Amino acid sequence: MSVSPLATAQTIMKTFKVLPTVPAAASRAIQLLNESDVDMGEVADILLSDQVMAARVIRIVNSPLYKLLQEIDSVRQALIYLGPQRVFEIILTSCFLELTDSQSRSPLNMQHCWEHAFGVGLVAKKLASFSDTIPLDQAYIAGILHDIGEVILSQQRRDEFTRVLVLARERELDLHQAEMEVFGTSHAEVGGLLAEQWRFPEVYIDVIKHHHGHQPETMSPLTHLIHISDQICLNVGFCCKYESAEQREGEVYGVDMLELERQLAGLGVKRLSDFRSSLAELVQQVKQTVDSIYG
Ligand SMILES: [Fe+2]
Ligand SMILES: [Fe+2]
């Protein structure tokens with residue numbers, strides 16, 4: 001009898017030496033985001049209670065992403081200039097950075113992973129801005145978090161994940177397909193189980209679990225949006241399976257943009273020509289921001 005990918009993911013997670021945690025501050029911030037009244041004071045206290053996180057927030061605030069006219073050097077100043085919504089985004093961004101910072105323990109190039117996650121977040125947010133139904137903040141956060149299982153799986157099962165990368169390159173598979181061949185499960189199942197353990201809101205758990213589904217029409221609107229943004233990002237070169245930028249150069253994914261645009265129209269995303277013309281700038285923004293964080 002064949003074992004389901006979910007059952008395999010549960011077995012794999014039992015072999016993890018240390019169960020990865022997200023910083024308590026990030027976890028609290030994700031929960032706060034789902035409440036209707038955001039308490040600014042509480043956000044500030046959360047941020048100030050974690051010095052590493054506060055330092056990262058300052059670094060991101062001063063990156064080209066926010067294009068501020070003056071240097072920000074305290075969390076309180078950041079809160080005043082950017083408001084709670086942007087600060088939430090930054091907390092989440094910090095949370096992902098925290099996980100990817102331990103890069104020596106993963107065969108993945110973490111700068112590429114980070115570009116991918118950040119790219120999907122920004123593309124999804126841009127697309128959501130052309131729809132009336134998908135909240136911008138959820139789109140960004142879902143983009144940042146969608147492949148969190150990949151980071152963890154690659155850190156925890158390094159040797160097998162190295163085989164995943166070799167297989168993906170040799171047979172021109174995407175990482176999800178190569179993981180299924182090597183592990184019998186994928187980062188989607190592992191990430192979904194972790195997100196449940198971290199008590200992420202259901203909307204994000206759904207995205208993490210189902211963004212590689214084969215039937216986009218059965219996905220929730222947010223998961224479908226991330227599924228599409230994921231492919232757009234692969235198409236512009238934000239992919240994680242190569243060690244160096246040179247190897248990654250010239251990778252062609254053959255993504256059917258017309259089909260994606262048909263699906264976006266079905267999701268209620270309008271002004272696709274505006275999106276198309278903003279994409280090059282978005283790609284530049286992602287590259288500059290990631291360079292400034294990693295540089
Ligand atoms: Fe994925
Ligand atoms: Fe992805």
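Just so it is clear, the structure is predicted and the values come from calculations on it, not from any experiment. Counting starts at 1 for both ligands and their atoms, following the listed order.
Rounded to 10°, the angle formed at the Fe ion (ligand 1) by NE2 of His187 and NE2 of His212 is 90°.
Asp73 is listed as a side-chain neighbour of Gln77, based on a closest heavy-atom distance under 4.5 Å. Here the side chains of Leu225 and Met219 are not in contact, with every heavy-atom distance at 4.5 Å or above.
In this structure His210 satisfies the ring pair (Phe, Tyr, Trp, His ring centres under 6.0 Å) test with no other residue, sequence neighbours excluded.
Nearby protein atoms of type N, O or S around the Fe ion (ligand 2) amount to 4 (distance under 2.8 Å).
Applying the ring-ring contact (aromatic ring centres under 6.0 Å, His included) test to every pair with at least one member in residues 144-171, sequence neighbours left out, gives these pairs: His116-His146, His146-His211. Residues in residues 220-239 take part in no ring-ring contact (aromatic ring centres under 6.0 Å, His included) pair, two or more places apart or across chains.
Of the possible donor and acceptor atoms, one in the side chain of Lys241 sits under 3.5 Å from a partner among the backbone N and O of Leu173.
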